[in-house]
Amino acid sequence: FKANPNLLTADEKKLLPLEEARIRLEEASLESDDSRRASLILQARGSFEEFIKANPTHPMAAQANVEIARLFALQAKGQLSKANRIENREAKALEFSRARPIFTTAYNRYQGAITNLETRLKSIADTDPLKAELTRSKAQAELDAAVLQYELALTFIGEDEARQKGEGVDKAQKAFEKIADRYQNARIGFLASVWSWQCAFVNGEASKAVPAIEKFITTNRNNRDAAD
């Protein structure tokens with residue numbers, strides 16, 4: 001389309017940087033090479049920021065902020081993946097500690113993006129198809145942010161870090177429970193429930209988590225949203 005921009009309307013041309021950034025983001029999420037993934041993340045972030053700068057009031061600017069948060073999350077998880085390849089426990093703990101600021105940045109970006117989406121949604125009519133799209137995006141962002149909280153808690157692996165890990169997992173569990181309550185009988189709500197039980201399991205509450213999961217599977221065996 002860039003080769004023949006006349007094929008696009010003015011509104012479609014505005015979305016080009018956004019679509020290019022999404023392609024780079026998807027490529028980065030599938031890339032196993034650390035340096036190549038880092039390069040794709042930088043390219044995607046640049047395109048997202050270009051779109052936001054040029055179109056600050058565009059309805060999709062709020063969505064672009066979510067995608068930037070996802071980029072930071074990819075960076076954090078890349079650092080975590082790198083740390084997991086280290087066998088020495090002390091060296092691994094050190095690498096995990098270096099990942100925490102990135103996780104915190106990603107989480108804060110998600111929170112900012114969620115706030116932007118909430119503001120944007122208030123100005124969109126219920127009949128506008130964009131409202132449904134941004135509502136789904138907000139729900140996914142809330143879940144992604146809670147997952148980051150959980151993964152951040154798991155970076156505390158030192159012998160003297162058990163308290164921080166437990167508190168972090170407990171905090172994530174509460175976030176998942178709120179999401180499950182907010183989106184009952186919806187895919188995001190089901191996923192949040194499963195994550196909350198995973199938190200309980202990690203924090204030594206297998207006697208509660210396992211029966212809850214078994215009941216969930218039995219109850220929702222034919223529910224397509226729950227099956228995901």
TODO: Take Phe48 and Leu25 through the test side-chain contact (heavy atoms from CB on, under 4.5 Å) and record every step on the way to the result.
DONE: CA-CA 10 Å; Phe48 281 129; Leu25 174 55; 4.2 Å; yes

TODO: For side chain to side chain donor-acceptor pair (under 3.5 Å), just list the numbers for Gln111 and Thr115, CA-CA rounded to whole Å, side-chain angles, deciding distance to a tenth of an Å, and then say yes or no.
DONE: CA-CA 6 Å; Gln111 293 303 106; Thr115 298; over 6 Å; no

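- In this structure, Phe51 and Met60 have side chains that are in contact, with non-hydrogen atoms separated by less than 4.5 Å.
- In this structure, Val169 and Cys199 approach most closely via the heavy-atom pair CG1-O, 3.4 Å.
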Task: Criterion side chain to side chain donor-acceptor pair (under 3.5 Å) on Tyr150 and Gln198, from CA distance to verdict - done: CA-CA 10 Å; Tyr150 171 75; Gln198 171 67 16; 3.0 Å; yes

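- Residues Ala64 and Leu18 share a closest heavy-atom pair of CB-CD1, 3.9 Å.
- Taking both residues in full, the closest heavy atoms of Ala175 and Ala146 are given as CB-CB, 4.0 Å, listed atom of the first, atom of the second, then distance.
- Residue Ser97 comes nearest to Pro101 through the heavy atom pair O-CD, 3.4 Å, listed as atom of the first residue, atom of the second, then distance.
- At distances below 3.5 Å, at least one donor-acceptor pair connects side-chain atoms of Ser196 with backbone N or O atoms of Ser193.
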TODO: Output, in order, the C-alpha distance, side-chain angles, deciding distance and verdict of side-chain contact (heavy atoms from CB on, under 4.5 Å) for Arg182 and Ile179.
DONE: CA-CA 5 Å; Arg182 187 177 301 126; Ile179 296 168; 4.2 Å; yes

TODO: Show the numbers, then the answer: is there a side-chain contact (heavy atoms from CB on, under 4.5 Å) between Leu154 and Phe96?
DONE: CA-CA 9 Å; Leu154 297 189; Phe96 275 167; over 6 Å; no

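- In this structure, Leu134 is a member of the same hydrophobic cluster as Val66, with clusters built from ILVMFWY side-chain heavy atoms closer than 4.5 Å.
- Electrostatic pairing of Arg163 and Glu167 counts as a salt bridge here, judged by a charged N lying under 4.0 Å from a carboxylate O.
- Taking a cutoff of 4.0 Å between a charged side-chain nitrogen and a carboxylate oxygen, Arg45 and Glu49 qualify as a salt bridge.
- Nearest heavy atom pair, residue Ala91 against residue Ile86, reads CB-CG2, 3.7 Å.
- Between Arg100 and Phe156 there is a side-chain heavy-atom pair separated by less than 4.5 Å.
- For the pair Arg22 and Glu19, the salt-bridge criterion is met [side-chain N within less than 4.0 Å of a carboxylate O].
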Got a list of side-chain donor-acceptor pairs under 3.5 Å for residues 69-81, not counting sequence neighbours?
{"unit_1": "Gln79", "atom_1": "NE2", "unit_2": "Glu95", "atom_2": "OE2", "d": "2.6"}
{"unit_1": "Ser81", "atom_1": "OG", "unit_2": "Arg85", "atom_2": "NH1", "d": "3.3"}

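- The main-chain N or O of Arg36 is never found under 3.5 Å from a side-chain atom of Ser39 such that the two would form a donor-acceptor pair.
- Ile102 contributes atom CD1, which lies 11.5 Å from atom CG of Leu148 (distance to the nearest 0.5 angstrom).
- Relative orientation of the Phe176 and Trp195 rings is parallel, given thresholds of 30° and 60° on the angle between their planes.
- Atoms CD and CD, on Glu161 and Glu159 in that order, are 10.0 Å from each other to the nearest 0.5 Å.
- Residues Glu142 and Ile188 fail the side-chain proximity criterion, which asks for heavy atoms closer than 4.5 Å.
- Interatomic distance, Gln184 CD to Phe190 CZ, rounded to the nearest 0.5 Å: 9.5 Å.
- Criterion: ILVMFWY side-chain heavy atoms under 4.5 Å apart, direct or through other members. Under it, Ile68 and Ile114 are not part of a common hydrophobic cluster.
- Taking CD1 of Ile124 as the start and OG1 of Thr119 as the end, the distance is 11.0 Å to the nearest 0.5 Å.
- A salt bridge links Lys131 and Asp126; the closest N-O separation between the charged side-chain nitrogens and carboxylate oxygens is under 4.0 Å.
- Here the side chains of Arg120 and Ser123 are in contact, with some heavy-atom distance below 4.5 Å.
- When every heavy atom of Ile41 is checked against every heavy atom of Ala28, the shortest pair comes out as CG1-CB, 3.9 Å.
- Judged by distance alone, the side chain of Arg37 and the main-chain N or O of Glu31 form a donor-acceptor pair under 3.5 Å.
- Contact check on Asp170 versus Lys174 returns a salt bridge, with a Lys/Arg side-chain nitrogen under 4.0 Å from an Asp/Glu carboxylate oxygen.
- For the atom pair CG of Leu121 and CD of Glu133, the computed distance is 10.5 Å after rounding to the nearest 0.5 Å.
- Of the inter-residue distances, the one linking Arg109 atom CZ with Asp144 atom CG reads 15.0 Å to the nearest 0.5 angstrom.
- Salt-bridge check for Glu87 with Lys92: failed, with every basic side-chain N at 4.0 Å or more from each acidic carboxylate O.
- Aromatic rings of Trp197 and Phe216 (six-membered ring for Trp) have centroids within the 6.0 Å cut-off, being under it.
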- [ ] Take Leu15 and His58 through the side-chain contact (heavy atoms from CB on, under 4.5 Å) test and state the conclusion after the steps.
- [x] CA-CA 10 Å; Leu15 294 175; His58 194 283; 3.7 Å; yes

Output side-chain donor-acceptor pairs under 3.5 Å for residues 200-214, partner residues at least two apart or in another chain, one line each.
{"unit_1": "Asn203", "atom_1": "ND2", "unit_2": "Gly166", "atom_2": "O", "d": "3.3"}

